[in-house]
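Just the heavy atoms: all of them, side chains too, but no hydrogens, waters or symmetry mates, feed the values below.
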Amino acid sequence: MIALELLSPAKNLECGMAAVDHGADAVYIGAPRFGARAAVGNSIDDIRQLCQYAHQFSVKVYVTVNTILYDSELDETQTMIGQLYEAGADAILVQDMAILRMQIPPIALHASTQTDNRTVEKIRWLRDCGFERVVLARELSVQEIADIHRQVPDMPLEVFVHGALCVSYSGLCYASQQCFQRSANRGACAQFCRMKFDLIDADGHELEHQRHLLSLKDLNQIRHLEELIEAGATSFKIEGRLKDVGYVKNVTAAYSEKLNAIVNRHPDLYCRASKGHSTYTFTPNLQKTFNRGFTTYFLHGRQPDIFSPDTPKAMGEYVGKVKEVRQHSFNVAGTASFANGDGLCFVNEQRELEGFRVNRAEDNRLYPQKMPSSLRPGMALYRNNDQDFERLLARPSAQRKIPVTMHFDVTPEGFSLSACRVTVDIKCEHQQANHPQHDNIARQLSRLGGTPYECNKVEIPESFSLFVPNSVLGELRRQLLSALTVTDRKRTRQRMPATASEVPSYPYPYLYNIANHMSQQFYDVPTTSAFELKGGEGPVMQCRHCLRYALGYCVKHGGRRPQWREPLKLRLGDGRLFRLEFDCKQCQMNVYAED
């Protein structure tokens, strides 16, 4: 039986608990420091509270400690990992190999996607170093995932299935540091890839003007989960540690329902990795949550339309076309319904996203707070803020319960109650009852409100004829619930980190990511080489996204032959230039900063 894990993001404690309620099997959250989203660190106490809440449902909590580390931070990191273990964390996500040299408790180590996990050789090397899981690169196809699983079958594979995409291979992006002295590998990405660029050729001709040429659409694999499962992935990760609680609720619920449907179709093959089932007050709809348009990226190989050159912002769901425009209102051709306060947007004639808020909605006639001057009949209209849907998510919107069947019976000295292989008993004098007791016993024992459990059945011997005081039934119920909620979480590493002499030989996987002496010793290199410390001469980005292909000029994939002269360059609004190198052998685009 293969356990399938839905892994949801948590910006904070509230988001983490919401993820559990809405069906996550695991949650990942930022440590107080040294997580790859520096803006969303969480206190040890909040992580402890999340662990206590999640573990009731056998939901795991993974903590991100996945930045590169400086020498001055090593002692603090080691202490913090010990605190995370004591707080109940089930694993930490790691980028810096110095952590494998630290004296830390037996907490599981997961290789973050920041360690650039895209080849069989790399995954095998990480396994041999002591990692218990790898988070694969987002760029991999389902066939590449299957090949990795076939050749390294004992390494659990985690894959991203939803959310924002980095245009560069994770861990290999130095553009933010190069341009703004904000390191992506230190959790401070400045979103270089969401900016506007001109595209110019070697003769200075402008091929594209002020477009978001590196901004990708958002990932959405909800229709392809079964393919990923069959390829060997077992953990399905939703991106979004900067997203709000509404995003976490909606996306977690949507993917949880999809995984449940797969499990229900194949009950002999798959199960969920945690306990309990969730019920919702809303119908999950991925179109209604922040997105830049959706793509399956490279799931089935290279394909067009993976980027969003007109805007890096959320467009939301398509709701129809503008039909008629008046001075202060317009109407919409379509079947969507609208509410006062809805946020709508459209792409204007300058290919820029323009948004506005609906002040009043009368059926399909809308009265904006301020009428957009560039709105024209025939324009496609999108809703990026659905007031009715947001109101549903703002309230308690899910309940998670673990169904139990209780077995009530007689013992020589009293009575017993058991469920989920746990049994409690109580001493009580046996007295014959004057009236049947079955209904009252079932009613009293089923009162589990305010606990993670719900009773779907109470089994009582048919011949039972004794009187049982309600106080006795209540005490049995309390004892059973107390016993059920005690979780024995003995956490030991399945794989111990390799010693210095056992580190397998593997070419250093990064360009400039060694930032401390322990990592330097791990790789047995003569010096630190972090881009943040010394800069570098290599590419500031390595991308599977290719502008030649995206613009229709990749001859290898059937595109037309370009008329421009290379090298092509990207130009920021402030004039800085970035040369593009098309590595057709690797089917990869590299971006270099010009002096």
Side-chain angles (χ1 to χ4, degrees), residues 118 137-142 144 160 163-170 172-173 175-176 191-221 224 239 291-315 347 350-353 380 382 539-573 576-594:
R118 50 176 150 151
R138 294 168 172 87
E139 292 83 356
L140 296 186
S141 69
V142 69
E144 288 170 318
F160 280 93
L165 288 166
C166 297
V167 71
S168 176
Y169 283 103
S170 293
L172 301 181
C173 181
S176 181
Q191 302 284 297
F192 173 87
C193 58
R194 303 296 181 189
M195 294 178 176
K196 285 183 177 180
F197 298 93
D198 301 323
L199 180 65
I200 58 176
D201 68 8
D203 298 315
H205 298 137
E206 190 174 271
L207 309 175
E208 296 285 341
H209 177 69
Q210 289 296 283
R211 303 195 76 196
H212 302 274
L213 297 172
L214 298 180
S215 182
L216 301 181
K217 292 181 176 180
D218 285 0
L219 186 65
N220 182 342
Q221 307 286 28
H224 304 281
E239 183 277 339
N291 69 83
R292 301 175 177 89
F294 288 128
T295 176
T296 59
Y297 209 25
F298 291 93
L299 186 74
H300 298 123
R302 188 172 290 283
Q303 53 191 310
D305 201 29
I306 68 171
F307 73 144
S308 180
D310 292 329
T311 179
K313 298 178 181 178
M315 292 183 68
V347 178
Q350 286 71 47
R351 294 195 302 190
E352 294 180 340
L353 191 70
Y382 301 86
V540 295
M541 278 187 171
Q542 298 181 47
C543 313
R544 203 164 192 176
H545 168 53
C546 174
L547 283 173
R548 249 197 212 163
Y549 179 86
L551 297 173
Y553 292 101
C554 177
V555 177
K556 180 179 177 180
H557 287 93
R560 58 192 182 278
R561 188 170 297 279
Q563 300 303 309
W564 62 62
R565 193 165 66 88
E566 295 187 2
L568 300 184
K569 295 180 182 180
L570 295 173
R571 181 171 60 198
L572 273 176
R576 280 182 285 186
L577 295 172
F578 301 86
R579 177 173 56 87
L580 302 181
E581 175 189 75
F582 299 100
D583 183 350
C584 295
K585 184 177 180 181
Q586 300 296 328
C587 211
Q588 178 173 300
M589 181 178 76
N590 298 324
V591 182
Y592 292 82
E594 296 269 284

#### Entry: Ring centres under 6.0 angstrom apart (Y553, F582)
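No; F582 has its ring centre 6.0 Å or more from that of Y553.
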
How many angstroms lie between [atom1] in [X] and [atom2] in [Y], if you round to the nearest 0.5 Å?
{"X": "C584", "Y": "Y549", "atom1": "SG", "atom2": "OH", "value": "13.5 Å"}
{"X": "Q350", "Y": "Q210", "atom1": "CD", "atom2": "CD", "value": "13.5 Å"}
{"X": "L165", "Y": "S308", "atom1": "CG", "atom2": "OG", "value": "11.5 Å"}
{"X": "K569", "Y": "L207", "atom1": "NZ", "atom2": "CG", "value": "13.0 Å"}
{"X": "I306", "Y": "L219", "atom1": "CD1", "atom2": "CG", "value": "10.5 Å"}
{"X": "K556", "Y": "K585", "atom1": "NZ", "atom2": "NZ", "value": "10.5 Å"}

Hey, does [Y] have a side-chain heavy atom less than 4.5 Å from the side chain of [X]?
{"X": "R292", "Y": "H212", "value": "no"}
{"X": "R351", "Y": "P309", "value": "no"}
{"X": "L547", "Y": "L213", "value": "yes"}
{"X": "W564", "Y": "D203", "value": "no"}
{"X": "C193", "Y": "M541", "value": "yes"}
{"X": "L216", "Y": "T295", "value": "no"}
{"X": "R302", "Y": "C546", "value": "yes"}

I'd like to know if the side chain of [X] reaches the main chain of [Y], judged simply by a donor and an acceptor atom lying under 3.5 Å from each other, with no hydrogens or angles considered.
{"X": "Q221", "Y": "T296", "answer": "yes"}
{"X": "R544", "Y": "M589", "answer": "no"}
{"X": "R548", "Y": "V555", "answer": "no"}
{"X": "E581", "Y": "N590", "answer": "no"}
{"X": "K313", "Y": "L353", "answer": "no"}

### Message
Among residues at least two apart in sequence or on other chains, which ones pass side-chain contact (heavy atoms from CB on, under 4.5 Å) with E206?
### Response
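With neighbours one apart ignored, the set is D198, I200, H209, R571.
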
### Query
Checking side chain to side chain contact (heavy atoms under 4.5 Å, CB included) for the pair L570/L580: CA distance, chi angles, key distance, verdict?
CA-CA 7 Å; L570 295 173; L580 302 181; 3.9 Å; yes

Identify the heavy atoms of [X] and [Y] that sit nearest to each other, and give their distance.
{"X": "R138", "Y": "A164", "result": "NE-O, 3.8 Å"}
{"X": "C543", "Y": "V591", "result": "SG-CG2, 4.4 Å"}
{"X": "R561", "Y": "Q563", "result": "O-NE2, 3.3 Å"}

### Task
Decide side chain to side chain contact (heavy atoms under 4.5 Å, CB included) for L214 and F192; before the verdict, give the C-alpha distance in whole Å, the side-chain angles of both, and the deciding distance to 0.1 Å.
CA-CA 9 Å; L214 298 180; F192 173 87; 3.9 Å; yes

### Message
Check this for me, if you would: do D201 and R565 make a salt bridge, where the nitrogen-to-carboxylate-oxygen distance has to be below 4.0 angstrom?
### Response
no

### Message
Show me the pairs that pass ring-ring contact (aromatic ring centres under 6.0 Å, His included) and involve residues 293-313, at least two apart or across chains.
### Response
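Those involving residues 293-313 are H162-F294, H224-H300, F307-H545.
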
### Task
Any chance you could lay out the side chain to side chain donor-acceptor pair (under 3.5 Å) test for Y169 and E139, step after step, and finish with the verdict?
CA-CA 8 Å; Y169 283 103; E139 292 83 356; 5.3 Å; no

### Query
What do the steps show when you test Q542 against Q586 for side chain to side chain contact (heavy atoms under 4.5 Å, CB included), and what is the final call?
CA-CA 11 Å; Q542 298 181 47; Q586 300 296 328; over 6 Å; no

### Task
Using the side chain to side chain contact (heavy atoms under 4.5 Å, CB included) rule, take M315 and D310 through it: C-alpha gap first, then chi angles, then the decisive distance, then the call.
CA-CA 11 Å; M315 292 183 68; D310 292 329; over 6 Å; no

